[in-house]
Colleague: 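Here it is, the structure in full.
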Amino acid sequence: MAEKGIEILTWDQVRNEVHKVNPGLAEQIDQISPGKELKLFKARYPFGCSILQYGVLQLPNDQGKIVSMYDDSIDKTIRNQLSYVSNMPVGIVLNKTIELYYPAKKAIIPYFLMRPGRIFALWGLLQERQTSVHNAGVWIITSGCRSLTLLPKISDALGFKRLKKEFGLTAAMPAGLSDQWDTLKQITEAEQFNSPWEAELLFFPESWYKKIRDGSWKNLEYYLLKGAWEDTAFLRNENVFNLVFSRALEEKNLKPNPFLYDTVKHIYNITKMGAPGFRVAIDDSSAPIKRLEQIFAEVYQLRFAPTFVHSGYFDPSNPLNPVYYSLEIPTLTEFSPKSRKAANKMNDIREIKHIQSVIEKFIREDSMRLKDTPIYEVATNVSYEYYHSDKDMLNELESTDKLSLKDEAMKENALQYKKPICTTSPFLRGCVRIGVKSGFQIK
């Protein structure tokens, strides 16, 4: 049984866990050989709990409840040691996954998905506080994937009544995909769920922060700076990307819908791992997926396979596990206002395809001498496929019926539960599949 509250540990006590998920960091700390007086704090979070709530760190107290770090139930020594930055102290994910997101008006915008080995809050650690806006209280971090969504709707009254009876739900029946979260979270919190899931984080307190910032641990500081530099590669290239896209529109005399143009740029961000897309859930790393699948197949009695999707990064080394962008769940962090006219997903996805193809053609013509750069590599090696569940009379879009045959994770999910994939899901009704062209591999 997992311990409640925060564990106070020495480096020797936690070294093996860190080495397992981030050997480079462990080797740097081994060289320092910190003494037993320098403590580390390990915290555990059940699925769906807030870790950072609008800039305020949340911690488990001795009763096992997740509360604000300023709550009286949190030891003052721990509070003082973790308040050296205004929101999130630096640390590393030891187990499972956490997600940083921004709660928009009608949905959430996933910003970072952090898996085991990921060092978090580096920007706050390495940048002077008065020069950073990342200390603002705009972000939320949740244990597991807050972006978790079941492809089929769960708005069948009888099926939802069975869930309410089994798990004592108080959540309203979800009207759409973006309304599913409260139901999923309440199910995982019920005693009958009986499938423990916890994310484990290791926090580095102020005593470590001072050693890093005062020059005592130069090699470790350099290692962290290098990691932060690599994390910002896409941001440092973004002005060139914007210039290329603008030139493409000018050269090809294209005047697209501004919102859809921003969507094309965001899809490119996903391709270069500057932003997460969505992928089919295949294990329990981001949520207690297997148990949830079982519940919706057996208790709710879905007539479709219980296929979950959540945020995830494009991995060009794994062509069998593509990522998706869905018009149903827009995740742009920067966008122009939508047109006033009512949105039509089929027309929108067609225009997105047209904009993307024009830009790709311009890049491949290479009038800007872009060969051997990441932007040319994407135009050459990445495959974009455009889907809708309705028949496209212009034959420009693929039918979502083909996805269950092409996506290996979907195929496996359908075979396991002997039920069809919900190819009429609002998520798939206007989506882009991002994969690697046969015979190519992105660097």
Side-chain angles (χ1 to χ4, degrees), residues 111 229-278 313-319 322-327 330-339 343-388 392 394-398 430-443:
Y111 197 71
W229 178 256
E230 292 171 352
D231 282 346
T232 59
F234 182 83
L235 295 175
R236 286 181 280 110
N237 289 330
E238 194 169 19
N239 60 335
V240 178
F241 300 151
N242 289 337
L243 175 62
V244 172
F245 296 148
S246 297
R247 278 286 307 277
L249 299 190
E250 182 181 44
E251 292 286 332
K252 301 301 181 182
N253 195 28
L254 189 65
K255 298 177 181 179
N257 177 308
F259 182 82
L260 299 181
Y261 172 59
D262 288 338
T263 301
V264 171
K265 289 168 62 177
H266 183 68
I267 290 170
Y268 181 83
N269 293 357
I270 293 171
T271 306
K272 288 308 297 177
M273 293 175 278
F278 281 84
Y313 291 99
F314 178 56
D315 181 3
S317 67
N318 186 1
V323 297
Y324 297 87
Y325 182 81
S326 172
L327 295 181
T331 57
L332 288 74
T333 55
E334 178 183 351
F335 51 86
S336 303
K338 284 186 177 181
S339 169
N344 180 302
K345 285 185 180 179
M346 182 167 282
N347 289 337
D348 284 353
I349 202 73
R350 284 188 188 131
E351 184 170 352
I352 286 170
K353 179 181 180 180
H354 178 62
I355 298 167
Q356 191 278 326
S357 63
V358 168
I359 292 173
E360 180 179 300
K361 182 180 179 182
F362 171 80
I363 293 170
R364 289 169 68 92
E365 289 171 353
D366 204 27
S367 62
M368 294 183 70
R369 296 189 293 277
L370 296 165
K371 279 189 177 178
D372 300 319
T373 69
I375 195 167
Y376 189 86
E377 186 179 45
V378 167
T380 307
N381 297 350
V382 172
S383 168
Y384 299 99
E385 297 173 358
Y386 304 84
Y387 289 87
H388 199 283
D392 178 18
L394 300 181
N395 294 319
E396 294 179 354
L397 307 178
E398 299 277 357
C431 72
V432 183
R433 182 182 189 267
I434 306 169
V436 180
K437 292 179 181 178
S438 178
F440 290 97
Q441 188 175 69
I442 308 298
K443 297 175 183 178

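No experiment lies behind these values; they were computed from the predicted model shown.
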Colleague: Is any side-chain heavy atom of Ile349 less than 4.5 Å from a side-chain heavy atom of Tyr387?
Modeller: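 When only atoms from C-beta onward are counted, Tyr387 and Ile349 do not touch, as no gap falls below 4.5 Å.
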Colleague: Before giving the answer on side chain to side chain donor-acceptor pair (under 3.5 Å), spell out for Glu360 and Tyr384 the whole-Å C-alpha distance, their side-chain angles and the decisive distance to 0.1 Å.
Modeller: CA-CA 11 Å; Glu360 180 179 300; Tyr384 299 99; over 6 Å; no
Colleague: Begin from the C-alpha positions of Leu243 and Met368 and carry the test side chain to side chain contact (heavy atoms under 4.5 Å, CB included) through to its verdict.
Modeller: CA-CA 10 Å; Leu243 175 62; Met368 294 183 70; 4.2 Å; yes
Colleague: Before you tell me yes or no, could you show the steps for Lys272 and Glu377 under salt bridge (charged side-chain N to carboxylate O under 4.0 Å, His left out), namely the whole-Å CA-CA distance, both residues' side-chain angles and the distance that decides it to 0.1 Å?
Modeller: CA-CA 10 Å; Lys272 288 308 297 177; Glu377 186 179 45; 3.8 Å; yes
Colleague: Is Glu351 reaching over with its side chain to a backbone N or O of Leu260, donor-acceptor style, under 3.5 angstrom?
Modeller: no
Colleague: Taking the inter-plane angle between the rings of Phe234 and Tyr268 on a 0 to 90° scale, is it parallel (under 30°), tilted (30 to 60°) or perpendicular (over 60°)?
Modeller: tilted
Colleague: Would you say that Lys265 contacts Phe241 through its side chain, given a criterion of any heavy-atom pair below 4.5 Å between the two side chains?
Modeller: no
Colleague: Mind checking the CG-CD1 spacing from Asn257 to Ile355? Nearest 0.5 Å is all I need.
Modeller: 7.0 Å
Colleague: Any side-chain heavy atom of Tyr261 within less than 4.5 Å of one from Ile359?
Modeller: yes
Colleague: Any donor-acceptor pair under 3.5 Å linking the side chain of Arg247 with the backbone of Phe362?
Modeller: no
Colleague: How long is the gap from CZ on Phe245 to CD1 on Ile363, to the nearest 0.5 Å?
Modeller: 5.5 Å
Colleague: Lys353 side chain to Glu396 main-chain N or O, any donor-acceptor pair under 3.5 Å?
Modeller: yes
